[in-house]
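Notes to accompany the following structure.
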There are 2 protein chains.
Amino acid sequence: MIRLVIVDDHPIVRGGLRDTFAAVEDIVVVGEAGDGAEGIDRVMARTADVVLMDLRMPGMDGVSATAALRELVPDVRVLILTTFDSERDVLPAIEAGAIGYLLKDALPDELMRAVRAAARGESVLAPSVTQHLMGQVRGPSAGSLTGREKEVLQLVANGSSNREAATALFIGEASIKTHLQHIYDKLGVRDRASAVAEGYRRRLLT
Amino acid sequence: MIRLVIVDDHPIVRGGLRDTFAAVEDIVVVGEAGDGAEGIDRVMARTADVVLMDLRMPGMDGVSATAALRELVPDVRVLILTTFDSERDVLPAIEAGAIGYLLKDALPDELMRAVRAAARGESVLAPSVTQHLMGQVRGPSAGSLTGREKEVLQLVANGSSNREAATALFIGEASIKTHLQHIYDKLGVRDRASAVAEGYRRRLLT
DNA sequence: TCGCATGTCCACCGTTCGGTGGATCCACTG
DNA sequence: CAGTGGATCCACCGAACGGTGGACATGCGA
């Protein structure tokens with residue numbers, strides 16, 4: 001039995017969702033809330049398994065609520081259910097710890113499968129969201145460095161100054177600096193020392 | 001007459017070396033190769049006295065080739081000629097059986113003296129390499145950091161500037177710098193980035 | 001064919017770092 | 001008690017680094 005909490009500021013939507021889940025036996029709606037803060041209360045009170053979370057709400061928004069829930073109740077799975085699929089909405093939600101992201105044009109059947117998947121700890125994303133995500137992950141925080149960037153990082157880890165690295169790779173010092181800036185961006189650091197540390201943690205360096 | 005084989009993946013470097021040795025009468029280049037495996041072939045074919053070996057090459061790297069040569073042709077002297085002088089490069093090369101270790105910024109004259117020394121079975125090391133080696137041999141006491149030094153290194157690895165590390169440890173920035181100098185000495189490095197790298201390699205950092 | 005990722009390069013500027021050569025204090029130990 | 005090692009602090013200087021905001025060429029894939 002999956003205990004579900006619904007957080008959405010529109011009573012109509014909440015009603016529709018309640019009806020939808022009333023039709024199945026393995027999912028029971030144990031709480032409803034009209035904004036994020038209220039939703040957190042409901043989850044805390046009823047030990048929910050899954051939270052269906054809207055993003056845009058008065059009071060505490062869905063992203064903040066998701067992040068707060070991940071702190072307070074790490075076991076709970078937050079499934080975003082919203083109308084918008086722009087990057088501006090998707091990325092913060094995923095970063096905040098949502099396990100899935102669905103759009104409100106999803107069919108009831110999809111919705112229920114998604115809730116069951118979330119309860120099992122699996123990620124479910126709407127197709128258009130997947131695209132956004134992949135496009136994003138392919139970009140800045142790709143975790144993976146280009147071949148050239150890895151070479152530069154390895155040299156830096158081995159004690160090369162920018163100039164020495166440039167000599168070793170037969171390119172200009174300016175290029176080394178550019179590569180390093182890109183490395184910093186991708187690894188989320190601000191200097192060569194912590195870039196090297198991240199390199200080891202992500203097993204990019206040996 | 002010293003028979004020399006040059007192993008380096010950069011044709012330009014090979015050309016420069018060939019020219020260098022063409023100017024003297026007691027050294028003759030009897031073979032060239034672009035990677036380790038090829039280099040072994042050349043040595044086997046021409047019974048060389050000395051091999052000038054680069055370390056970083058596509059295919060078989062210089063360390064592997066050196067070790068293989070020591071097995072196949074124990075009489076041959078392998079002289080490493082590379083751009084890098086970090087411990088990670090130096091130590092494996094020496095262990096693999098290289099008789100000398102020079103850096104590519106060596107002057108042609110130094111290079112020729114080194115080749116002659118190698119042919120006589122003498123060791124020639126670039127000054128900075130000597131330092132690394134001594135730092136390594138200087139005993140286990142030199143390998144371990146004090147508790148405070150480990151704290152500093154960890155902070156640096158996590159992206160702290162000297163000032164931030166000082167704040168975190170409730171001490172002055174000057175003390176951080178002193179600790180770092182001691183860390184550099186002990187680890188045989190010259191900057192924070194490679195200190196972090198060494199920290200990971202020696203499992204001082206996580 | 002257009003866009004995107006990649007790799008290369010440049011200038012300017014303020015900040016930080018590394019090198020050097022000290023110094024003091026404390027705890028431990030021969 | 002003197003010596004040793006660890007931890008703290010100081011000043012000075014030049015070199016290196018990081019931040020910013022570009023620019024251009026190439027090659028690959030949509």
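Worth saying up front: this structure is predicted, and the values here are computed from it rather than measured. First the proteins, then the strands, lettered A, B, ... as listed; each starts at 1.
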Salt-bridge contact A/Arg113-A/Glu110 (side-chain N to carboxylate O under 4.0 Å): no
Whole-Å gap separating P (D/dC9) and CG (B/Leu180): 14 Å
Most 5' of B/Gly147 and B/Ala174 on DNA chain D, judged by nearest nucleotide: B/Gly147
Sugar-phosphate only, base, or nothing, as touched by A/Glu173 at under 4.0 Å among non-hydrogen atoms: nothing
Proximity to the side chain of A/Gln181 - top-ranked nucleotide from C/dG19, D/dT20, C/dC17: D/dT20
Enclosure of A/Ile12 CD1 (heavy-atom neighbours >12, cutoff 6.0 Å): no
Helical bend (five base pairs per end, nearest 10°) for the helix from C/dT1-D/dA30 to C/dG30-D/dC1: 50°
Interatomic distance, A/Leu155 atom CG to A/Asn162 atom CG [nearest 0.5 angstrom]: 10.5 Å
Minimum-distance nucleotide to B/Asp191 side chain [options: C/dC12, C/dG18, D/dG6]: C/dG18
Between P of C/dG18 and NE2 of B/His182, the distance in whole Å: 14 Å
Of the listed nucleotides C/dT8, D/dA7, C/dG19, the one nearest the side chain of A/Ile171: C/dT8
Sugar-phosphate, base or nothing in reach of B/Ser175, heavy atoms under 4.0 Å: base
For atom CZ of A/Arg148 and atom P of D/dG27, their distance in whole Å: 15 Å
Nucleotide D/dT8, atom P - distance to CZ of B/Phe170 in whole Å: 12 Å
B/Thr146 side chain near D/dA7 phosphate (N/O to OP1/OP2, under 4.0 Å): yes
Length of the line joining B/Ile176:CD1 and C/dT16:P, which is rounded to integer Å: 14 Å
Side-chain ion pair, B/Lys177 and B/Glu173, N-O less than 4.0 Å: no
From B/Ile176 atom CD1 to B/Glu151 atom CD, the distance as rounded to the nearest 0.5 Å: 9.0 Å
Contact list for DNA chain C against residues 150-169 of chain B - heavy-atom distance below 4.0 Å: B/Ser161, B/Asn162, B/Arg163
Atom pair distance, as rounded to whole Å: NZ in B/Lys177 and P in C/dT15: 15 Å
Spatial distance of atom CG (A/Leu81) from atom CG (A/Asp54) [nearest 0.5 Å]: 7.0 Å
Touch class at under 4.0 angstrom, heavy-atom based, for B/His179 against every strand present: base
Minimum-distance nucleotide (side-chain atoms of B/Thr178 versus D/dA7, C/dT8, D/dC10): D/dC10
Gap between atoms CG and P, on A/Leu187 and D/dG18 respectively (whole Å): 13 Å
Nearest-0.5 Å distance, CD1 of residue B/Ile40 to OG1 of residue B/Thr66: 8.5 Å
Candidates C/dG18, D/dA7, D/dG18 - which lies nearest the side chain of A/Tyr184: D/dG18
Nearest-angstrom distance from the residue atom CZ of B/Arg190 to P of D/dA16: 12 Å
Side chains of B/Tyr200 and A/Leu205 in contact at under 4.5 Å (non-hydrogen atoms): no
